[in-house]
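Notes to accompany the following structure.
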Amino acid sequence: MGHDDTIFALSSGAPPAAIAVVRISGPAATEALNDLIGMDIPARSPRVVTVKGTQGNIIDRPLALRFAGPASATGEDVVELHLHGGRAVVDAVLARLGELDGLRQAEPGEFTRRAFENGRLDLLEAEGLADLLAAETETQRRQAMGFASGGVSQAVAAWQDECLTIAARIEAAIDFSDEDDVGDADVAAIHMACAALAAKLAAWLDRPPAERLRDGITVAIAGPPNAGKSTLLNAIAQREAAITAPTAGTTRDIVEVPVAIGGIAYRFADTAGLRDDSDDAVEAIGIARALAAAAEADILVWLGSDDPPTHSATIRIAAQADRRSGVEWDMAVDAADVVVSALTGEGMAALLDAIAGRARDLLPREGDVALNRRQRDTLADVAAALDDAQCARDLLIVAEHLRSAMSAFDRLTGRARTEDMLDALFGRFCIGK
Amino acid sequence: MDNFDVIVVGGGHAGCEAAAVAARIGARVALVTFSRETIGAMSCNPAIGGLGKGHLVREVDAYDGLIARAADAAAIHYRMLNMSKGAAVRGPRVQADRVLFAAAIQAMIAREANITVIEGEAEALTLDDDAVSGLVMADGRLLSAPAVVLAAGTFLGGRLYRGEWSGAGGRTGERAATALGKQLRDLGLPVARLKTGTPPRLDGRTIDWAALVRQESDADPWTMAPETRARRNPQLFCAITRTNEATHEIVRGGLDRSPLFSGAIDAKGPRYCPSIEDKIHRFADRDGHQIFLEPEGLATHLVYPNGISTSLPDDVQRAMINSIAGLEGAEIAVPGYAVEYDHVDPRCLDRRLGVRAIPGLFCAGQIIGTTGYEEAAALGLAAGANAAATALGRDAVHFDRTTSYLGVMIDDLILQGVSEPYRMLTARAEYRLRLRADNAWTRLGEHAEAVGCLSERRLDALAAHRTALTEVATLIDGVAATSSRNGERRSLGDALIQQDIAFRDAGDDHPALAACDPVALDEIESDLRYGPYLARQEAEIRALAANERIAIPDDFDFAGVGGLSNEMIERLDAARPETLGMMGRIAGITPAALTAVLVRLRRVAA
């Protein structure tokens, strides 16, 4: 095996929980299990076992599973203990393992790193797994599954094939031009083939980026001072995330709250009230930031009767329905998409529906796999090389651009710059996965 | 016992270059061959150069090798292939008179005071522990040397096939070196079979030339070796004809008597040079296949019909030939045949073409799975230079795939092995825009000087070429022209490139250029034309260089790196890559595998 030491960690969420999974990977994994339970168990055959402390006291009766490397998740010998998920049980088992020779706590991302190093995952799969482990919402999980099961790898392989096929046509014309079966290459046809592949890539690049899934859709709550923005945010977040007070201008900076609703991750941003006549320098800065946040947000929730700043996804709210009335209110209600009282809860469901409706347009469609920044950049390089290829008349230069495209594909599956990518990749893992 | 620094077995293209380069470096060389007469013989088609192959010829020439100068001495037809395409993929190719070619090679070998030609059969290598110490001849003579280059071509375990007939041998009428082949197997070298073939030779007097399309020699007076100042021989024309339905019918009717289809031969032949049997069997929808009729020389009537390599029985070969336009009355002087032969899996070699398991033993040419005179000559040069370096205690001579086709070929062979005879193609060179046939001296001159294989004559010529390049570069950069459109000033070179005017044709408007060396003009023009791409490749090469510097120790245990698939371990153990960069180029090696090995190397180092 590649590593001499054996690592272990709690691989499930923080206890207490119904079940806690402790994973052990490395050459001493099987021996460690035998130490803990005082017997051998066959590989790939779950057993209920008894884990005893050094004094012979029973710690827990977990389910134990053993996988022999290299046919395991990490490519090494792996043991999983499915413990009863109390904090004391987990602590006791981890302490026991720590006392064994050659065993140590895993560092963040170390299991996945070993899996990757041992050829159990390709880079796209490893990235997908990192996302899967960090996934907090159902949509994120589905997206990550798409990578982890190799969906993107397959698509890339198909494009790579297509690129190779085009390149092969050119190479035949260059290296076998004296053969009458080959003859001269039809440059126009090659340009068309490049365009066809570029179009497929463009369709993928047009998909919403994966960052929205991973980091959440940004929703800016904006409007004039004291319109009830912070109260609305608190109602959405169902906790006191922003300071609310009946003084205009309380929120001077941006308050951002991550919230998952209906399986979609959002980041709601409460912003300073927008007004033209602030004398307060600090508040003025807050207003400038609020305008910027509103412009950058994926969705703008606008409170109040004034016209909102131009934004492609605006939801207009008539807020504070519990304490408003009169002509101005009636006008606000007329202009609004939703009438809301954060205090009574009136209209909140309709607002969340409206937000979800907008969000769905911004997210990858069901079954689509979205690409992250690195993947998008690399595919954009491929697309650019294909565009260049379409402009070149010299067959040799067309071939050169296709070679660039091929090497960009290599970068996507991780052939080049191995180390930089690994550092970035494995830094994202939390312990024990 | 006779003592030498280097013994070369084989007097073909690989052997001659190996012996000659070792001699130029200063080694005392024994060149062992069955017969002095066959030194420099062209066993297949009478042509030198071609696509990719022309590059190799010019590269060997950059190390002051023999093949380019011999090709010029023998050339009876010049043709620059891919003339309509970019300079980097143009392939210089000549038809060569066999007699003149062999004579030129033999004369150059004879002039080399350091080479002793020894006639006879090499029987066995002698070993001292695991290392080579010399050679025993079949007649009992002992030759000793610390380095031996095996360049035995198809003579190891060679077997000829024609129809129902088969017999041992390398070329028609010559013996096969079977004892040596058996010893290589016994020493545990990985040996496998390959096959190749050759077409029947025709009597040119019986061909109806008037009925055929002629292809004349190029009018443009380029030569294979830049040092050759003028063409020496009268130029002959080639002719083109085609097979037809009747031909195909005849071939189909004879397939059951072809050793390729009867099962007598099961080794793999080259996909890029299939026999006519293969062409007709695999591409049944084609109604004809092109044939080039190439004269074999000035003093012979033999004609080589390029494109119909075959091992069909004599009577079928005759009927097939006579079914082709222009060949209705043609007579076969020597029938075509297939040859199946042993080759050593090149993955057992290191970058010097040395056998890892047997220090002092080097291999070059067809014996390590290549095909073609040019590939053989280039590998001979590399093996000979390294054999001399070993014997004289000098640094190993490495060829880099970023600077030469020779480097590409060696890297491909020793890392990937061969599944068919390996032929050079420009597509194999990822940096081919830099690796042009027209800039071989510039690319490799410095390396050749360092290797110490350049004669005084060549050192002078190289200096003159560099001066010519500097002159052109100064003119091209310095003389500013004003663009008529926007008044912007730019260099003469940029202006000519923009207007798509060849530098060598610009002499009328720019008299200073007319006085320049046209070869230097072409070279600088190509540099400028491909400038942006060359710069980009340069950056790419720098980025990859880090992995080339990470050495993998000889005894590194790939199987001990967890998670590598059995297939990967097998390939890595067969090829034993010397650096992480080389490992990454082996087919089927994933980025994950590369990382796993890198991590293990770091841990070993720590």
Side-chain angles (χ1 to χ4, degrees), chain A residues 1-4 26-27 69-72 74-77 113-126 167-168 170-181 184-185 388 392 394-401 403-404 406-407 410-419 421-422, chain B residues 50-52 79 81-89 91 93 240 242 272 279 283 286 288-290 292 306-307 423-428 430-433 529-530 532-533 536-537 540 543-544 546-547 560-565 568 580 584 589-600 603:
Chain A
M1 291 293 117
H3 295 262
D4 300 330
S72 72
T74 60
E76 305 178 315
D77 286 350
R113 186 171 191 126
R114 286 188 177 193
F116 179 63
E117 286 171 9
N118 291 336
R120 300 297 297 169
L121 295 172
D122 77 19
L123 195 60
L124 289 174
E125 290 172 334
I170 301 173
E171 298 304 336
I174 290 175
D175 271 329
F176 297 100
S177 64
D178 50 342
E179 307 272 337
D180 65 335
D181 258 11
D184 267 338
D388 288 344
D394 183 342
L395 206 56
L396 204 50
I397 301 300
V398 177
E400 180 60 18
H401 288 304
R403 198 182 65 80
S404 298
M406 294 303 298
S407 80
D410 283 349
R411 286 205 298 283
L412 196 52
T413 45
R415 182 160 305 206
R417 301 181 310 154
T418 315
E419 282 185 275
M421 244 182 324
L422 288 182
Chain B
L51 296 167
R79 186 164 172 79
L81 302 177
N82 269 347
M83 199 52 210
S84 64
K85 301 195 177 78
V89 294
R93 182 180 192 270
I240 302 171
R242 298 180 69 77
Y272 45 78
K279 286 185 186 179
F283 303 101
R286 306 291 201 282
H289 298 279
Q290 193 166 267
F292 286 92
N306 197 346
R423 170 183 158 177
M424 200 65 245
L425 300 169
T426 73
R428 299 193 197 272
E430 58 272 55
Y431 304 115
R432 72 178 161 201
L433 289 180
R529 197 175 288 278
Y530 293 122
Y533 303 96
R536 202 163 76 180
Q537 293 198 337
E540 200 177 302
L544 293 172
N547 277 359
V561 178
L564 300 188
S565 68
M568 278 193 229
L580 202 64
I589 298 301
T590 61
L594 212 54
T595 310
V597 167
L598 176 64
V599 169
R600 169 55 74 96
R603 198 170 300 137

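Numbered from 1 within each chain, the chains take letters A, B, ... in sequence-line order.
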* Measure B:L433 against the heavy atoms of chain A and call it side chain, backbone, both or neither at under 4.5 Å. => side chain
* Euclidean distance, B:Y533 OH relative to A:D394 CG, rounded to 0.5 Å -> 8.0 Å
* To do: Could you walk me through whether B:R432 and A:E400 pass side-chain contact (heavy atoms from CB on, under 4.5 Å), step by step?
  => CA-CA 9 Å; B:R432 72 178 161 201; A:E400 180 60 18; 5.8 Å; no
* Could you grab the distance from atom OG of A:S407 to atom CD of B:E430, nearest 0.5 Å is fine? => 10.5 Å
* Asked: At what distance, to the nearest 0.5 angstrom, does NZ of B:K85 lie from CD1 of A:I174?
  -> 7.0 Å
* Asked: What part of B:R79 is in contact with chain A, defined as an atom under 4.5 angstrom from a non-hydrogen atom: side chain, backbone, both or neither?
  -> neither
* Structure fact -> Closest non-hydrogen atoms of B:A88 and A:L396, given as atom of the first, atom of the second and distance, are CB-CD2, 3.6 Å
